[in-house]
Amino acid sequence: MRTPFLSSSRRLASFAFMGLCLMLGCTRAPPPPLGHAAYVWQRDWSPSLVESLTRMPPELGALRVLARERSGDTRAPVSIAVDVAALARTGRDVVAVMRVDGTAPLDGISLEEVAAIARDWKARGVRVRGVELDHDCATTALPAYADWLARERRLLGELSLSITALPTWAGAPELERLTSIPDDVVVQVHAIRAPTLFTPEEARGFIERWSQATRRPFHVALPTYRVRLRDGTPLVSEPREVSRFLAQLRARPVQGVKGLVWFRWGHAGDSEAWSPSTLTAVLRQEPLTLQVESRLVDAGGGTLDIVLENTGRLDGEAPARLTLSGNLEVLDGVGGYAPRGSSLVARKPPRLRAGERRVVGFVRGSEVSLVAP
């Protein structure tokens with residue numbers, strides 16, 4: 001029952017509390033820090049990948065690991081040869097992911113395919129938390145997708161269910177029902193509209209619209225990779241741009257965002273993904289400064305190798321021109337560099353990952369030195 005007026009004692013107590021708030025500058029409690037996870041999406045579990053898993057930063061609390069695919073025209077089933085022992089040694093919570101390519105109906109496909117893999121991993125010592133379905137369902141097909149998820153959800157037993165989602169679903173009438181079925185939803189904000197891979201402004205708009213469309217908490221998938229379009233145009237997720245989005249999200253939180261999932265965890269053999277040190281610097285909001293050093297290294301026989309090394313924590317482009325001085329008898333370049341007078345010039349400078357060292361040419365002569373680019 002509502003009472004139209006407060007008693008005198010209650011009014012005094014209310015005024016006293018308001019006064020105290022004004023004196024102390026009462027504000028809302030800050031939101032909890034965002035959690036971080038990473039996708040391990042490699043199909044080849046090389047020694048380089050296994051070694052990199054031992055150096056993951058503690059901020060990455062869980063791994064979402066590609067376990068099975070249904071891709072191609074026929075969407076034939078393919079299981080990934082995951083190094084389960086190495087995965088168990090990470091000690092992290094793990095979600096086994098099945099990727100189903102395309103927007104066609106899910107006839108003949110079942111979550112039991114990935115659930116069986118998840119249970120096997122768990123029996124072999126992996127801290128399996130659940131399974132995830134990565135499927136870019138067409139917006140018009142969401143009602144049928146929700147029906148399929150509801151049926152398949154019952155097969156998982158104790159395993160949790162996560163799904164990836166496209167921000168373009170935000171206006172669909174079926175969204176609330178669809179997002180009520182899984183335990184978790186990961187909204188992808190990269191590679192949504194060609195030819196853009198990622199911009200902070202577009203990503204912010206995506207998650208704000210999603211937050212307005214449903215009150216259910218969700219994760220956000222952020223990119224750490226580069227791709228090439230069919231015409232050869234490179235699309236790159238620049239660390240500084242992703243870092244700017246993260247800084248803005250921390251300064252102005254979006255309701256419902258409970259964590260970030262990075263796509264994907266890189267390693268020395270994965271040249272298309274950020275280096276582990278770059279991802280670590282971005283998620284920790286550390287300074288992102290490119291440090292590429294050039295030097296001459298004695299290769300024997302009177303030859304000096306021209307070497308570039310990225311000694312910083314940020315992946316980035318090497319200098320386009322390296323100029324030498326001295327009495328140059330022979331000068332040549334490799335890896336995209338070519339001689340031009342007393343310089344090596346690259347029309348498309350290579351991208352050096354943090355810690356990467358690369359020989360880009362050689363020189364013979366006397367009193368040879370490198371001039372800072």
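The model shown is predicted, which means the values in this text are computed figures rather than measured ones. By convention here, the first residue in the shown sequence is residue 1. As a basis for the values below, the full set of heavy atoms in this structure was taken, side chains included, without hydrogen atoms, waters or symmetry mates.
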Problem set entry | Asp44 versus Ser46, side-chain donor and acceptor atoms under 3.5 Å | no
Problem set entry | Salt bridge Asp332-Arg364, side-chain N to carboxylate O under 4.0 Å | no
Problem set entry | Shortest non-hydrogen contact between Leu324 and Leu370, atoms and distance | CG-CD2, 3.9 Å
Exercise. Is a donor on one side and an acceptor on the other found under 3.5 Å between the side chain of Arg240 and the backbone of Leu288?
Worked result: yes
Problem set entry | Closest contact, heavy atoms only, Gly266 versus Ser52 | O-OG, 3.9 Å
Problem set entry | Residues that, via side-chain heavy atoms closer than 4.5 angstrom, fall in one hydrophobic cluster with Val307 | Val297, Val359
Problem set entry | Residue Glu158 excluded, over 12 heavy atoms near CD under 6.0 Å | yes
For this session: Look at Glu272 together with Arg264 and state whether they make a salt bridge at an N to O cut-off of under 4.0 Å.
Result: no
Problem set entry | Minimum heavy-atom distance between Ala221 and Val189, given as atom pair plus value | O-CG2, 3.3 Å
Exercise. Under a 4.0 Å N-O cut-off, is there an ion pair linking Arg244 with Glu241?
Worked result: yes
For this session: Give a yes or no on whether the backbone of Gln255 and the side-chain of Ser211 come within a donor-acceptor separation of less than 3.5 Å.
Result: yes
Seminar exercise, completed: Smallest heavy-atom separation, Tyr337 atom then Ala320 atom, equals CE2-O, 4.0 Å
Exercise. Are any of the side-chain heavy atoms of Leu161 and Leu149 separated by less than 4.5 Å?
Worked result: yes
Exercise. Are Val254 and Leu249 close enough, and set up right, to give a side-chain contact (heavy atoms from CB on, under 4.5 Å), and what steps lead you there?
Worked result: CA-CA 7 Å; Val254 175; Leu249 184 60; 3.9 Å; yes
Problem set entry | Validation row: His190, Ser237 side chains within 4.5 angstrom (heavy atoms) | no
Exercise. Do any N or O atoms from the side chain of Thr278 and from the backbone of Asp315 form a donor-acceptor pair under 3.5 angstrom?
Worked result: yes
Exercise. Just by distance, do the side chain of Asp120 and the backbone of Arg124 share a donor-acceptor pair under 3.5 Å?
Worked result: no
Exercise. Can you tell if the side chain of Trp121 reaches within under 4.5 Å of the side chain of Val82, non-hydrogen atoms only?
Worked result: yes
Exercise. Step by step, would you call Trp274 with Val242 a side-chain contact (heavy atoms from CB on, under 4.5 Å)?
Worked result: CA-CA 12 Å; Trp274 293 355; Val242 180; 3.8 Å; yes
For this session: Give a yes or no answer on whether the side chain of Glu152 reaches the backbone of Leu111 with a donor-acceptor pair at less than 3.5 Å.
Result: yes
Identify every side-chain donor-acceptor pair in residues 128-137 under 3.5 Å, counting partners at least two apart or on other chains, and give the distances.
| from | atom 1 | to | atom 2 | distance (Å) |
| --- | --- | --- | --- | --- |
| Glu132 | OE1 | Arg64 | NH1 | 2.5 |
| Glu132 | OE1 | Ser162 | OG | 2.9 |
| Glu132 | OE2 | Tyr39 | OH | 2.6 |
| Asp134 | OD1 | Thr164 | OG1 | 3.0 |
| His135 | ND1 | Val100 | O | 3.1 |
| His135 | ND1 | Gly102 | O | 3.2 |

Problem set entry | Pro33 backbone acceptor or donor facing Arg250 side chain under 3.5 Å | no
Exercise. Just by distance, do the side chain of Glu113 and the backbone of Ser110 share a donor-acceptor pair under 3.5 Å?
Worked result: yes
Problem set entry | Least distance between heavy atoms, Leu322 atom then Ser294 atom | CD2-CB, 4.0 Å
Exercise. Can you tell me if CZ on Arg43 sees more than 12 non-hydrogen neighbours from other groups inside 6.0 Å?
Worked result: yes
Exercise. Is there a donor-acceptor contact under 3.5 Å from the side chain of Glu317 to the main chain of Lys348?
Worked result: no
Exercise. Just wondering, do Asp83 and Leu53 contact through their side chains at under 4.5 Å, heavy atoms?
Worked result: no
For this session: Indicate the atoms forming the closest heavy-atom contact of Val50 with Ala86, along with that distance.
Result: CG1-CB, 3.7 Å
Exercise. Would you say Arg358's side chain and Leu308's backbone share a donor-acceptor pair under 3.5 angstrom?
Worked result: no
For this session: Evaluate the side-chain proximity of Asp147 to Arg177: yes if any heavy-atom separation is below 4.5 Å, no if none is.
Result: yes
For this session: State plainly whether the residues Glu176 and Arg216 are in salt-bridge range, i.e. N to O under 4.0 Å.
Result: yes
Exercise. Asp183 side chain to Ser160 main-chain N or O, any donor-acceptor pair under 3.5 Å?
Worked result: no
Exercise. Can you find a pair of side-chain heavy atoms, one from Trp262 and one from Leu60, that are under 4.5 Å apart?
Worked result: yes
Exercise. Given the rule in the side-chain contact (heavy atoms from CB on, under 4.5 Å) test, do Phe206 and Val187 qualify, once you have shown the distances and angles that lead to the verdict?
Worked result: CA-CA 9 Å; Phe206 285 151; Val187 180; 5.6 Å; no
Exercise. Do the side chains of Val40 and Trp45 get nearer than 4.5 Å, heavy atoms only?
Worked result: yes
For this session: Check the surroundings of atom CZ in Arg153: do more than 12 heavy atoms from other residues, nucleotides or ligands lie under 6.0 Å from it?
Result: yes
Exercise. For the hydrophobic clusters of this structure (ILVMFWY residues joined by side-chain heavy atoms under 4.5 Å, transitively), does one cluster hold both Ile306 and Phe362?
Worked result: no
Exercise. What's the verdict on side-chain contact (heavy atoms from CB on, under 4.5 Å) for Arg127 and Arg92, showing C-alpha distance, side-chain angles and the deciding distance?
Worked result: CA-CA 6 Å; Arg127 292 175 52 179; Arg92 285 177 162 81; over 6 Å; no
For this session: Measure the OG-CD distance between Ser366 and Glu329 for me, rounded to the nearest 0.5 Å.
Result: 6.0 Å
Problem set entry | Salt bridge Glu69-Arg99, side-chain N to carboxylate O under 4.0 Å | yes
Exercise. Between Glu112 and Arg151, is there a salt bridge with N-O shorter than 4.0 Å?
Worked result: no
